[in-house]
Asks: 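Please read through the structure below; I'll follow up with questions.
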There are 2 protein chains.
Amino acid sequence: MTTGLVTTGLVTTGLAQAELIAVLAAVTGDAPRVMTVAAGEALPSGPFTSSHRSLQAGLRDWIESQTGHPVGFLEQLYTFADRDRAEEADLRQISISYLGLVREQAAPGAGRPEWHGWYEYLPWEDHRHGLPPGWQDLVAGLNHWAGTDRGRVQRLSHAFGLEGAAWNEDLVLSRYELLYEAGMVEEANGHSGLGSGIGRAMQGDHRRILATGIARLRAKIKYRPVAFELMPESFTFLQLQRLVEALIGLRLHKSNFRRQIDQQELIEETGETTAESRGRPAMLFRYRPAVLEARALAGTRLPVSRG
Amino acid sequence: MTTGLVTTGLVTTGLAQAELIAVLAAVTGDAPRVMTVAAGEALPSGPFTSSHRSLQAGLRDWIESQTGHPVGFLEQLYTFADRDRAEEADLRQISISYLGLVREQAAPGAGRPEWHGWYEYLPWEDHRHGLPPGWQDLVAGLNHWAGTDRGRVQRLSHAFGLEGAAWNEDLVLSRYELLYEAGMVEEANGHSGLGSGIGRAMQGDHRRILATGIARLRAKIKYRPVAFELMPESFTFLQLQRLVEALIGLRLHKSNFRRQIDQQELIEETGETTAESRGRPAMLFRYRPAVLEARALAGTRLPVSRG
DNA sequence: GCACATATGCTCATAATGAGTATATAATGA
DNA sequence: TCATTATATACTCATTATGAGCATATGTGC
């Protein structure tokens, strides 16, 4: 193959150590969870070679064997190679990360992978009940770091919704990176282990990868009906709403949420109802996969000229 | 590091051959272009090792040395590893692809990389002047392939805007993949080289990667002001519009486009005007990078409850 | 029956969008 | 000079989408 990059002396050989890392998400009740290993301190990962035909296929098989449930949705997140911890000189570590959605969590029998709540690791991301605990300190710490630096102040305002800016739930990664820069997460200080940082730490850059996965999911849920990958077969409107709220970390307006789902015609009544809680029983719905592709990619935001 | 993947016998070693592939885009007049090597038959690529601190930094340096212009925007696209052409058994080929935006194309002196129009490779993607040439044959070929298969017919309708469905400019990759499945691009037939397929072929899966890059750019332009990365310092409204039209392959409504740009406050007048063409001279504008982050991420499409 | 709780439906002001029309300002040439 | 042409810029208006609040329906528990 003709390559342009070689001629510049950028590289000599392309050998690298390849690794897969998975952000596996599930939702239990109103708690979004992620699959972990190492007692909740790492995302599941492992080296990658050619025993499977494709990255995706291998990962899918593995996840299904681990969780006991099929992976509805599996998407590549990002490939990291910037680590300083290249163990051998001239041999690069490449980590390919994936986001997967699982309908239910496996029974945690026999030392199997554990599931932990997202917001243990990123507590500042949950705004469902107003400002999350520790918010004052967090903002104070960030402001101290920013000082009078115009650029830093602006980045903070934008990412954390300060000074009149609105909170944008999608900016999960920006927020983590700012906290890292500000030295307010444990990982930034070489895992000093003093419990000094905000939220529970993870090994290496795994918490950063988790943030990448959550950011992707929060963005995706707005134009693709991925939420149904996490729901049971039939569900009520409120269950669906609670799930979406759990993922994006915000409360939604009830009847407007209904209206939006309604007019997209993504779901249909099963005919049955629930009588679980006290109030009026809710109708049960099921997802209509037939229209999946056709709808759900609505908003273009460009003034396209028709005719 | 504790790994979960190892225990399942999925892998034994993680050694792989790593390669970088770049989709570099520029726009000349109203023609979007991509940088190529090998006489227009391949995207620039090369092996990757650890002589640079990060993937991104190395690629950036290299691009700037090649094009003579700084890369305004550089974003990872996708990592491919599913190729069957693993040259050595047990040694995986991993290709990490990037999308980069360049303001001007380099002077093509001395056998340097060439720039070619996107739509040479993907002619069915340009709908600025109505249906592109060869559209009838393309649809006929696809329909022949689909036959009476419900699934295929629906995928075609969705991706190509047939049977009442609207054309969605973002579905570049889906369209290429359908054409590949239908055997209507040369790459699907092992590069028979008969000129049998639609559009100009590329080596390996490079045309697929190009489609991935265009898809990403078309999607991104709707919520991030990336178009300015391709514009000169000052420009008129119409120039900006023509550029966006070139990228998305559609015509836009003039005054609505103005209004949308206007109310986002992304640009400001320079005070000068052009007198290039016959009509009334247009005002010149410049981009306002200060508000870049703050605006431009408008549409959430979720009924968030405020207060 | 009554209080309560939840589900579902309706209204309404405001904003965003798609489409079209009107006016302004230049070059060009009879 | 002055109509013609071409482009730029500014308004208008119907339709739809969105955010917010209120009203009604239908169950449980006592």
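These numbers come from a predicted model, not from an experiment. Just so we're on the same page: letters track the sequence lines, and every chain starts at 1.
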Asks: Hey, what's the ring geometry for B:Tyr176 with B:Trp124, parallel, tilted or perpendicular (30° and 60° as the breaks)?
Replies: parallel

Asks: Do A:Arg280 and D:dA25 have a side chain to base donor-acceptor pair shorter than 3.5 Å?
Replies: yes

Asks: Respond yes when some side-chain nitrogen or oxygen of B:Gln260 is under 4.0 Å from OP1 or OP2 of C:dT17, and no when none is.
Replies: yes

Asks: State plainly whether the residues B:Lys222 and B:Glu169 are in salt-bridge range, i.e. N to O under 4.0 Å.
Replies: yes

Asks: What is the distance, rounded to the nearest whole Å, between atom CG of B:Asn256 and atom C1' of D:dT12?
Replies: 12 Å

Asks: In whole angstroms, how far is the P atom of C:dG18 from the CZ atom of B:Phe257?
Replies: 13 Å

Asks: Figure out the CG/C1' separation between A:Leu252 and D:dA20, and round it to whole Å.
Replies: 14 Å

Asks: Between A:Glu229 and A:Lys220, is there a salt bridge with N-O shorter than 4.0 Å?
Replies: no

Asks: Can you tell me the distance, in whole Å, between the CD atom of A:Gln239 and the P atom of C:dT6?
Replies: 14 Å

Asks: Can you check the A:His253 NE2 to C:dG9 C1' distance for me, whole Å?
Replies: 12 Å

Asks: Remember a base hit wins even if backbone is also touched, and classify B:Ser255 as base, sugar-phosphate or nothing at under 4.0 Å, heavy atoms.
Replies: base

Asks: What is the distance, rounded to the nearest whole Å, between atom CG of B:Asp262 and atom P of C:dT17?
Replies: 14 Å

Asks: Check B:Glu268 with B:Arg288, please: is the shortest side-chain N to carboxylate O separation under 4.0 Å?
Replies: yes

Asks: If we call it a pair only when both distances are under 3.5 Å in a Watson-Crick or G-U wobble match, what pairs with C:dA13?
Replies: D:dT18

Asks: Base of C:dG9, side chain of A:Arg259 - is there a donor-acceptor contact under 3.5 Å?
Replies: no

Asks: Roughly how many Å is it from CG in A:Leu238 to P in D:dG27, rounded to a whole number?
Replies: 18 Å

Asks: Please report, rounded to the nearest Å, how far the P atom of C:dA5 is from the NZ atom of A:Lys254.
Replies: 13 Å

